[in-house]
Amino acid sequence: MTIADQELSQLGGRSSILARQRADHARLDRLMARARDTVDTGGVAHQVALRAVARLVFTHAFAEEAVLFPAARRVLPEGDPLTLRIETDHQKVDELMTRLDGSSSDDPKHRALMERTFAVLDHDVRTEEDELLPRLQQSMTRRELRLLGWQWELVRRISPTRPHPLVSRRPPGQTLSALPLTVLDRARDLLQRIDEATRCRFSRPLSTADRCLAGASGAVERIPVMQRGERPETGR
Ligand SMILES: [Fe+2]
Ligand SMILES: [Fe+2]
C-alpha cells in the first residue's frame, strides 16, 4: 500500500523516515510548480526557483544513497534491484540537472529539458512512495523507522548540494566523496549568496573563486576511489 494516502500515525509519526520522505516530496512538488510558474518570465526568479529544486533534490538523494538504500538492501530480499532502479533515476537527474543549469530560460529547449527532468523526479518519488517505503514499513518496526528518519535527516543536512554524476552512487565511493564535496559545494553556495547580497558588485573575483572550487570538485570526482562501488547501470 502506497504511503501517499496514509495517516501520519500509520507512518510512525512525524520523525519516521516514511513521514520525512513524504513531506520532502510534497515540498519538491511545490518547488517544481514555482519553477514552472516562472519559466515564461525567466530571469532571476526562475533561476532562484530552479536552484531551490536542485538544493532539495541533491541533498535528499545523497542522504537516501548513504543511509536509506543501504538499510533497504539489508532488510529487503528485493532491496538490491529495487534501489538500483531508483539510483538509475538519480543518475539521470544528475545529468539532466547539470544540462538544465547550463541552459538559459530564453532557449526554446529549456522548458522541454525542465519537464524531462521533472518527469524523472516524479517517477523517482512514485517508486519510493509506492514500492520502496511501503516494503520498509512492512519489514521494520516503528522505532527502526524513526531511527532511520533521524539518520537520514542528519546526513541530508551535511550532504553535497550539487550534482556529481561521476561519483559512485554506492559506498565506499559515495561515502568517501561526502566530506570533500560537501565542503566545496557549500563554499560555492556561500559565494553565490555573497554575490546576490552585494548585487553582483564583486562578481569577477567571486566567479573566479567559483571556477576554482568547481575545478577542485571535478578533480575530487575523478579520483578513482570515488567511483568504487558503482554499478554499471549507474556509471557514466
Ligand atoms: Fe525520496
Ligand atoms: Fe530519490
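Starting from 1, each residue takes its place in the sequence as its number. When a ligand or atom number is given, it counts from 1 through the structure's own listing order. Values below: all heavy atoms of this structure, side chains included; hydrogens, waters and symmetry mates excluded.
Distances from the Fe ion (ligand 2) under 2.8 Å pick out these protein N/O/S atoms: E64 OE1, H90 NE2, D124 OD2, E128 OE2.
The Fe ion (ligand 1) sits nearest to atom NE2 when only the N, O or S atoms of H25 are considered.
Not counting sequence neighbours, the partners of E196 by the side chain to side chain contact (heavy atoms under 4.5 Å, CB included) test are R51, Q192. Taking E78 as the reference, R135 meet the salt bridge (charged side-chain N to carboxylate O under 4.0 Å, His left out) condition, with sequence neighbours excluded. In this structure, the side chain to side chain contact (heavy atoms under 4.5 Å, CB included) partners of Q174, at least two apart in sequence or on a different chain, are F62, E65, A66.
S168 places a side-chain N or O within donor-acceptor distance of the main-chain N or O of E230, the cut-off being under 3.5 Å.
Contact record, L148 with A71: CD1-CB, 3.9 Å, taken as the closest heavy-atom pair.
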Steps toward salt bridge (Lys or Arg N to Asp or Glu O under 4.0 Å) verdict (R170, E64): CA-CA 10 Å; R170 291 194 177 190; E64 285 177 346; over 6 Å; no
